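Input: a single structure, listed below in structure tokens.
Numbering of ligands and ligand atoms starts at 1, following listing order. Computed from a predicted model, the values in this text were never measured in an experiment.
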Amino acid sequence: MLAVHLVSFFFSKLQEDPTKKVDRFLYAMRLHDDQLSDISARFQAEMKKGLSVESNAAAAVKMLPTHVRSTPDGSEKGQFLALDLGGSKFKVLQVKVREGMGIRRGGVEMEEKTYPIPKELLVGRGTELFDHVSESLKDFLHEKNISLDKKHPLAFTFSFACEQSSLDQGSLLGWSKNYRARGLQGKDVVQALRDAIDRTGGMDIEVLAMVNDTVATMMTCGFDDNYCEVGLIIGTGTNACYMEELRHVDLVEGDEGRMCVNTEWGAFGDDGALDDYLTEFDRDVDAASNNQGKQIFEKMVSGMYLGELVRLVVLKMAKLGLLFDGHVSDALRTKGKITTANVAAMEEYKNGLKNTRDILTGLSLTPSQDDCIAVQHVSTIVSFRSSNLVAAGLAAILTRIKQNRNLRALRITVGVDGAVYKTHPQYPKRLHKVVRRLLPECHVRFVLSDSGSSKGAALVTAVAQRLASQKRKVDETLSPFRLSHEQLQLVKARMRAGLEAGLKRKGSTAIKMLPSFVYRTPDGTEHGKYLALDLGGTNFRALLVNFKKGLQQNTRLHHKIYTIPLEIMQGTGEELFDHIAECISDFLDYMGLKNARLPAGFTFSFPCEQTALDTGTLVSWTKGFKATDCEGHDVVSMLREAIKRRNDFDLDIAAVVNDTVGTMMSCAYEDPQCEVGLIAGTGTNVCYMEELKNIEKTEQSTGQKQGDKMRGEKKVGDAEIQKMCINTEWGGLGDDGSLDDIITPYDVEVDQTSINPGKQRFEKLTSGMYLGEVVRQVLLDLTRGGLLFRGHVTEALKTAGIFQTKYLSQIESDRLALLQVRSILQGLGLDSTCNDSIIVKQVCGTVSHRAAQLCGAGMAAVVDKIRENRGLDHLNITVGVDGTLYKLHPHFSRIMHQTVNELAPQCNVNFLLSEDGSGKGAALITAVGCRLRQELNNVDNLLSS
Ligand code: 0WK
Ligand code: 0WK
Ligand code: BGC
Ligand code: BGC
């Protein structure tokens, strides 16, 4: 009875759809999306391990840097020889990119020849293998009548894992697929090729680049599709590469831009990461391979192994009687008897089943229809798993790219090559479908590399050549900005000479050296409430400052910032001062001090000739100001008249000071050693405490020695006055041509297009108002030279002032710079490539570096003069600093400090950033000025009583 049941059970089973039993048998190979997502997540983890310098050595997935930093940008051109070794075919090619007549514009012309590689060479000595390669190359030159005398740049596609320190060097980490030549592992295969070419002789070949076939495939497809940033091979072997952010590639110096990383994902699982997905058949394939334990993922996916997997499954099922009634043939037992091409044939739409029968018959089997259906289904499951695993790997890479670029959705193209993908009828569709299912938010396009990878390899070489020549030309363009130590010493000497000349003569000197009538720095006795008015480079500030005697830290300060519209800056003087008076009125309202008639200090950040603390005749406007009827006028009177015109408040303007003087005083309030004030902002300038005896020029004008005039005034009750603060107006250095040997044509252009040509030459090399313009001029020139933005000179780039100096600070910040560069350039309507952004950053860095060095050279001259004034071998001094360039630029202050230390080694200069701007300083001077005035009045009263 039982027997009857068993037979009927089996019979019913037999009737069953033969694919069902295969599904059950190969349950472990049928991966569903959760498993694929799990594998994808594991691979992402592997990628991180491979990229990080800490874990790279132990990582299975090596994530090899390729030194390919950009995908094609359409400017590649040239004629190259190419070798394509490592795939199923070894090819020698000649590739012409946009060269010569008749080539479709932007086209590539290729001639190629495939050379067989005798099996013994694959496992023989490495030198013999490369001799065969080199001889094939020579044969190709002969056959194609390519001259042997001309030097030929060559691109080498070598499809094995290589560690590269540059594009033209690569140490073989390990063979894979069916290659096992001896003596090359750990060796530089580019050198091995060069040696073989020398051994063959009679040809002049320059091996310029070696790339992995995935990289070459990405470049080939990138030629026509700019979105192509991933290369995928599913051929004899399998592998993928993609454009990774350089900052994540620990093994390569630099954070800028991107670099193509060859993942070598074939080794995924070599550290056991996929053990729970390996089936007995995978283990059998590995055990029988010539690189056990290696390339585990490749052995589950690639063409070298799919056929074998199917054979082992069919063999096992036959042995278990699930196929061919348990009949097994020797052929079926023989390794390699079912090829991946067979697998593809079995899955063909129409002839799949017939092909399966032919193949099984060819293996001396007599398959039933169900056997054929079952075996066909085995092929389907095996190749389906392959495409699923590739999809999981790709999903990991695309997810990483999306995260790298903080994108919600990613649009990208994957360049593909390899016989499995190209010849297996269902493979591409299955792969695309699963990738899109795993990454619904990504728009992924797959492009088949129509002409193999050599076009890509040639493009890499063309890019390498272009980048090399571009870098050379950019360096040439920037070299005039790179000042040598000697040149900086010259600038220091010229600054010193300018300071000396300005102290001696009035008027016509480049550096004006304007007396400020501030004789000493604060001594903490200052107290009371003062109004400070601060007209600087970018805006106007009104401040109320309340000093508590001897309690610096208890200074209370309120302020409000007002913008100065351009039309006011460049309108009439009356409008400007009416605007200032209106701001003051608004501030006094805001502070409820309208009727207070406060003593006020006026920080006026422009060169003023002063004859007393509370008068200052504007010598000339600088920076963005050009208000009429001001130059040659007393700015204090103009402000007083504007206040009178308003007639809704009154002030006691007791002092007008330059912002450098205000800054020095503010900082001296904290640090008594502060005797220099520096502004590195919209404009640039410095003041310092000079010995009265050195200020000769006032003598000439008054015939009285300055000291006497001052002393005359100061003798009463005060200690001996030795010094006075001098506002150098060093921005004018070079107005007499003394900087012409370092001024570049770009600087000349900036000066010519400024509102004060010929003036403030030093300022135009160093300050915030102009650095952006200098950069723009350089970018314009590089673009016109085709070195940038593909030579497209956009309106944006031609627009003055568009490249504000604040962008330099952003672009040069060390964090995320390049992404920021691109978005800044985007914002300016400049569509840039990664490489463009690197060059823009280099230009910004070079221009700001020079500015900082020049300021450092100038400061070295000032502090060394003070040291010599005091006959000291060594000077300790503090410089009070303010200005947006110094405060916001990521590197300016550091480079300036360095330059001062190098050029003034006998001075220990401490830089103190002014906290509340120069306003407090102005209020301090006003406090001193008011007390002095009081004392004078007391004397006068005494004398007159
Ligand atoms: C064609 C490419 C070659 C690459 C090969 C991979 O030109 O560089 O190695 O595809 O596919 P396979 O020939 O191994 O199937
Ligand atoms: C802040 C000072 C002000 C000076 C300004 C310079 O309070 O007096 O003019 O710094 O920096 P800028 O605004 O030109 O960057
Ligand atoms: C190699 C890779 C290569 C891939 C496809 C693998 O075996 O390790 O470098 O890209 O095959 O050819
Ligand atoms: C002005 C100086 C001022 C400097 C910084 C220059 O343009 O001539 O007076 O100190 O800018 O604001």
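- Which parts of ligand 1 touch Gly87 is read off a 4.0 Å heavy-atom cut-off, strictly below it: atoms 9 (O), 13 (O), 14 (O).
- Ser454 and Lys91 share no donor-acceptor pair across their side chains, judged by distance under 3.5 Å alone.
- With hydrogens left out, the protein atom closest to atom 8 (O) of ligand 3 is Glu264 OE1, 2.6 Å, a heavy atom.
- Protein residues having a heavy atom under 4.0 Å from any atom of ligand 2 are Asp534, Gly536, Gly537, Thr538, Arg541, Thr603, Ser605, Asp659, Ile679, Gly681, Thr682, Asp882, Gly883, Thr884, Gly917, Ser918, listed by chain and number.
- Using cut-offs of 30° and 60° on the angle between ring planes, the pair Trp621 and Phe606 is perpendicular.
- Per-residue contacts place Asp417 under 4.0 angstrom from the following atoms of ligand 1 (heavy atoms of the residue considered): 1 (C), 2 (C), 10 (O).
- The backbone of Thr238, and not its side chain, has at least one atom closer than 4.0 Å to an atom of ligand 3 (non-hydrogen atoms only; backbone = N, CA, C, O).
- Ring geometry for Trp730 versus Phe762: interplanar angle over 60°, hence perpendicular rather than tilted (30 to 60°).
- Considering backbone and side-chain N/O of Lys422, none are found under 3.5 Å from N/O of ligand 1.
- The aromatic rings of Phe297 and Phe268 sit tilted, their planes meeting at an angle between 30° and 60°.
- Considering backbone and side-chain atoms alike, Ala419 places an N or O below 3.5 Å from some N or O of ligand 1.
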Apply salt bridge (Lys or Arg N to Asp or Glu O under 4.0 Å) to the pair Glu112 and Lys89, showing each step before the final yes or no.
-> CA-CA 12 Å; Glu112 67 177 57; Lys89 298 193 187 62; over 6 Å; no
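- Between Thr214 and ligand 3, not a single N/O pair is under 3.5 Å apart.
- Residue Gly303 places every heavy atom at 4.0 Å or more from ligand 1.
- In terms of modelled atom types and a separation under 3.5 Å, the side chain of Thr238 and the main chain of Ile233 share a donor-acceptor contact.
- Atoms of ligand 1 lying under 4.0 Å from any heavy atom of Gly235, numbered from 1 in the order shown and given with element: 11 (O), 12 (P), 14 (O), 15 (O).
- A tilted orientation is assigned to the rings of Phe547 and Tyr530, their planes being inclined by 30° to 60°.
- Shown in contact with Gln295 at under 4.0 Å from a heavy atom are these atoms of ligand 3, numbered in order with element: 7 (O), 8 (O).
- Geometrically, ligand 1 and Thr157 share no nitrogen or oxygen pair separated by less than 3.5 Å.
- Inclusion of Thr236 in the set of residues having an N or O under 3.5 Å from an N or O of ligand 1 is warranted.
- Taking the six-membered ring where tryptophan is involved, the planes of Phe90 and Tyr115 are tilted, since the angle between them lies from 30° to 60°.
- Protein heavy atom in closest approach to atom 7 (O) of ligand 3: Ser176 OG, 2.6 Å.
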Chi angles and distances behind the side chain to side chain contact (heavy atoms under 4.5 Å, CB included) call for Thr339, Asn342 | CA-CA 5 Å; Thr339 64; Asn342 294 150; 3.0 Å; yes
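- No hydrogens or angles considered: nothing links the side chains of Ser159 and Tyr179 as a donor-acceptor pair under 3.5 Å.
- No side-chain donor-acceptor contact under 3.5 Å links Ser620 and Lys759.
- Selection from Val211, Asn262, Asp213 by nearest heavy atom to atom 12 (O) of ligand 3 gives Asp213.
- When only modelled atom types and interatomic distance are considered, Asn239 and Asn262 share a side-chain donor-acceptor pair under 3.5 Å.
- A donor-acceptor distance shorter than 3.5 angstrom exists from the side chain of Gln164 to the backbone of Gln169, with no hydrogens or angles considered.
- There is no side-chain donor-acceptor pair under 3.5 Å between Asp213 and Ser453.
- Counted by atom type alone, Glu812 and Ser848 present one or more donor-acceptor pairs between their side chains at under 3.5 Å.
- Closest protein heavy atom to atom 6 (C) of ligand 3: Glu298 OE2, 3.1 Å.
- Close approach of ligand 1 to Gly452 (heavy-atom distance below 4.0 Å) involves ligand atoms 7 (O).
- Counting only N and O atoms by type, the side chains of Asp659 and Ser918 include no donor and acceptor under 3.5 Å apart.
- Applying the 4.0 Å criterion to heavy atoms of Ser88 picks out, from ligand 1, the atoms 12 (P), 13 (O), 14 (O), 15 (O).
- Under a 4.0 Å heavy-atom criterion, Gly87 is not in contact with ligand 3.
- Shortest non-hydrogen contact noted between Val414 and Cys228 is C-SG, 4.3 Å.
- Residue Ile233 approaches ligand 3 through these ligand atoms, each under 4.0 Å from one of its heavy atoms: 5 (C), 12 (O).
- Of all atoms in ligand 3, numbered sequentially from 1 with element shown, those under 4.0 Å from a heavy atom of Asn212 are 2 (C), 3 (C), 9 (O), 10 (O).
- Some N or O of Ser453 is nearer than 3.5 Å to an N or O of ligand 1, by distance alone.
- Ranking the protein heavy atoms by distance from atom 4 (C) of ligand 3 puts Asn239 CB, 3.6 Å first.
- Set against the non-hydrogen atoms of Ala161, the atoms of ligand 3 under 4.0 Å away are 8 (O), 9 (O).
- Side chain of Gln610 to backbone of Gly616: no donor-acceptor contact under 3.5 angstrom is found.
- Of all atoms in ligand 1, numbered sequentially from 1 with element shown, those under 4.0 Å from a heavy atom of Ile233 are 6 (C).
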